[in-house]
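Side chains included, hydrogens not; waters and symmetry mates left out as well; all remaining heavy atoms used.
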Amino acid sequence: MSNCSMCEFEALFKCRCNKRCYCQKCYDKHCKKKGKHDQIKLEDLGLVKKSVSFAGSDGIANNSKEKKKEVLKVEIQEDKKDLLKKAIEKEIAKLQRFRMETLACVNSQQQMLIRTIIDDSKKLSSKVISECKPKQQQLESTITDLEVVGKIPFGHPVIERLKKNTPGQSILKLDGNLKKVSLTLENILEFKIEWQSNPIIDELKEYYKANQTLIPPKLQKIYQKIFSEKHYSIKKINLSKSKIDLPALNHFKRIANFFSGIKDLRMASNKISNECCDALAEVLSIFKLLERLDLADNDLRGHGIEVLTPVLEEMKNLSVLSLAKNNFGATGARHLSMMLESLKKLKDLDLDANGFGAEGARYLSGALPKLIQLKTLRLKNNNFADDSVRFLKVAFGKMQNIESLKLDLNKFGNEEKRTMQLIVRKECKIEI
């Protein structure tokens with residue numbers, strides 16, 4: 001007789017898959033597992049003895065078996081309870097570890113988020129501070145200017161700054177005369193300007209009425225834009241072919257301050273002679289931000305360019321300059337050469353019909369190579385002959401960015417023309 005391999009009951013079957021013995025209950029459990037199960041009855045193998053019992057001993061044996069079964073059931077249930085308790089304790093430990101890991105991860109993410117927010121706040125605050133600094137400086141300079149007693153001229157930077165901050169709670173009335181006031185950053189937030197009367201505009205209107213017939217038509221339009229406060233939109237002034245002479249320059253000088261920021265001024269084909277150059281220099285000294293200036297087809301001559309040279313040297317942003325047909329001659333070329341050295345941004349230069357000759361070519365040959373950004377140069381009809389070539393070829397050979405060179409209507413021989421064509425860079429288009 002053999003016992004069950006899983007419990008202590010008597011074995012009834014043997015499975016071919018693992019050759020172990022099982023009772024009926026344990027064999028049923030075993031058959032639920034995967035595998036090929038084939039039972040062999042131990043009774044057939046002769047390993048279980050058939051019991052022959054008598055009536056008296058049968059009852060006692062059955063009772064003892066039942067008791068054993070009950071004891072085994074209790075033990076099995078207790079074992080199951082212990083196993084279940086241990087499994088639950090393991091799951092609780094896993095959950096506690098998971099909870100601790102989750103909290104640690106949340107804390108680290110929270111700290112990273114806080115650090116990110118702090119870094120972003122620092123960047124934003126530094127950006128805001130950097131943006132506010134110039135506004136604060138502008139307001140402080142405005143306050144400083146306002147504390148000065150006396151008239152504020154129309155077109156003063158104070159007025160320009162105040163006009164940008166129109167709607168607001170504070171009202172500052174400008175009637176031409178200000179009393180001294182103590183202003184601070186705390187009590188000034190915004191400005192609203194109410195123009196009651198501007199003595200400068202009133203005076204300008206009276207001047208216009210008295211001289212309207214003497215002011216050229218194009219200048220009259222500019223005056224009218226000032227009176228209607230539309231002059232702020234003007235970016236270019238074109239007074240070409242407007243019969244500008246000395247009186248007209250004086251009329252222009254009275255309003256030039258209103259347009260000090262323009263970048264394009266054209267005054268070609270007028271009656272501006274060398275006698276008008278002092279007045280012209282006063283007008284041009286206001287326009288220091290010019291990028292284009294056209295004074296072609298006037299009669300400035302050598303003395304005129306001498307007077308204008310200090311003013312033109314201050315126009316550092318000039319990229320287009322036209323001084324054609326002004327009869328400069330060799331004297332004017334000498335002053336031009338000194339002036340051109342200061343105009344480093346010049347890209348287009350027109351010096352046609354100025355009668356420079358060989359001596360003028362000698363002066364210009366030293367200045368032209370220093371215009372490193374120059375792309376277009378016009379020197380037509382300047383009395384250049386064969387004796388000018390030795391100066392010009394030195395200049396043109398050093399001009400590395402020149403793209404267009406116009407030298408026609410001069411007096412070069414055929415051989416000198418071929419020499420000039422060979423000297424200039426291959427990419428340059430030359431007309432000779």
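- Q24 pairs by the side-chain hydrogen bond (donor to acceptor under 3.5 Å, both in side chains) definition with D28, not counting sequence neighbours.
- Annotation: side chain of L349 is in contact with side chain of L340 (closest heavy-atom distance under 4.5 Å).
- Remark: the backbone N or O of N327 is paired with a side-chain donor or acceptor of N354 at under 3.5 angstrom.
- For residues 412-421, no pair satisfies salt bridge (charged side-chain N to carboxylate O under 4.0 Å, His left out), with sequence neighbours left out.
- Pairs of residues two or more places apart, or lying in two chains, that qualify as ring pair (Phe, Tyr, Trp, His ring centres under 6.0 Å) and include a residue from residues 199-224 are Y207-H251, Y208-Y223, Y208-F227.
- For R301, the salt bridge (charged side-chain N to carboxylate O under 4.0 Å, His left out) partners are D299, not counting sequence neighbours.
- Put simply, the side chain of N298 gets close to the backbone of M267: a donor and an acceptor are under 3.5 Å apart.
- For the atom pair CD1 (I244) and CG (N270), the distance works out to 5.0 Å, reported to the nearest 0.5 Å.
- In this structure, V424 and L405 have side chains that are in contact, with non-hydrogen atoms separated by less than 4.5 Å.
- Residues satisfying the side-chain hydrogen bond (donor to acceptor under 3.5 Å, both in side chains) criterion with E282, sequence neighbours excluded, are K253.
- Annotation: side chain of Q220 is in contact with side chain of Q212 (closest heavy-atom distance under 4.5 Å).
- The heavy-atom pair separating S242 from K218 by the smallest distance is OG-CD, 2.9 Å.
- Taking 4.5 Å as the limit, every side-chain heavy atom of F396 sits out of range of all side-chain heavy atoms of I430.
- With D245 contributing its side chain and K271 its backbone, the two residues share no donor-acceptor pair below 3.5 Å.
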Could you pull out every donor-acceptor pair under 3.5 Å between side chains of residues 368-381 and any protein atom, sequence neighbours left out?
residue: K370; atom: NZ; partner: E341; partner atom: OE2; Å: 3.1
residue: R378; atom: NH1; partner: D348; partner atom: OD1; Å: 2.7

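- When all heavy atoms of C277 and L300 are compared, the pair lying nearest together is SG-CD2, 3.6 Å.
- Proximity of E403 to R425: side-chain heavy atoms (C-beta onward) are separated by under 4.5 Å at one or more points.
- Put simply, CG on L409 and CG on N383 are 11.0 Å apart, with the number rounded to the nearest 0.5 Å.
- The salt bridge (charged side-chain N to carboxylate O under 4.0 Å, His left out) search around K236 returns none, not counting sequence neighbours.
- S240 is linked by a side-chain hydrogen bond (donor to acceptor under 3.5 Å, both in side chains) to N238, counting only residues two or more places apart in sequence or in another chain.
- When side chains are defined from C-beta on, M315 counts as touching V311, because their heavy atoms get closer than 4.5 Å.
- Looking at residues two or more places apart in sequence or on another chain, you find a salt bridge (charged side-chain N to carboxylate O under 4.0 Å, His left out) between R266 and D264.
- A361 pairs by the side chain to side chain contact (heavy atoms under 4.5 Å, CB included) definition with F384, S388, F391, L392, not counting sequence neighbours.
- For the atom pair CG of D352 and CG of N326, the computed distance is 11.5 Å after rounding to the nearest 0.5 Å.
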Side-chain polar contacts of residues 106-115 - donor-acceptor pairs under 3.5 angstrom, sequence neighbours left out - could you list them?
residue: N107; atom: ND2; partner: L103; partner atom: O; Å: 3.1
residue: S108; atom: OG; partner: A104; partner atom: O; Å: 3.4
residue: S108; atom: OG; partner: C105; partner atom: O; Å: 2.7

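- Counting heavy atoms of neighbouring residues, nucleotides and ligands inside a 6.0 Å radius, atom CD of E275 does not exceed 12 of them.
- Environment of NZ in K411: sparse, with no more than 12 heavy atoms of neighbouring residues, nucleotides or ligands closer than 6.0 Å.
- Remark: the backbone N or O of A279 is not paired with any side-chain donor or acceptor of N250 at under 3.5 angstrom.
- Remark: of the listed residues D350, L321, L284, L284 is the sole one forming a side-chain contact (heavy atoms from CB on, under 4.5 Å) with L295.
- L95 contributes atom CG, which lies 10.5 Å from atom CZ of R99 (distance to the nearest 0.5 angstrom).
- Summarising the geometry of K263 relative to L290, their closest heavy-atom pair is C-CD2, 3.6 Å, with the distance given to 0.1 Å.
- Side-chain contact between F412 and V389: present, with at least one pair of heavy atoms (C-beta onward) separated by less than 4.5 Å.
- The salt bridge (charged side-chain N to carboxylate O under 4.0 Å, His left out) search around K344 returns none, not counting sequence neighbours.
- Between I272 and L249, the shortest heavy-atom distance links the atoms CG2-CD1, 4.5 Å.
- Atom CG in L336 sits 5.5 Å away from atom CZ in F356 (nearest 0.5 Å).
- With rounding to the nearest 0.5 angstrom, the CG atom of L318 is 8.5 Å from the CE atom of M339.
- A358 and D387 get closest at one heavy-atom pair: CB-OD2, 3.6 Å.
- Of the possible polar contacts, none joining the N274 side chain to the V307 backbone as a donor-acceptor pair under 3.5 Å is found.
- Here the closest non-hydrogen pair linking L323 and I305 is CD1-CD1, 4.3 Å.
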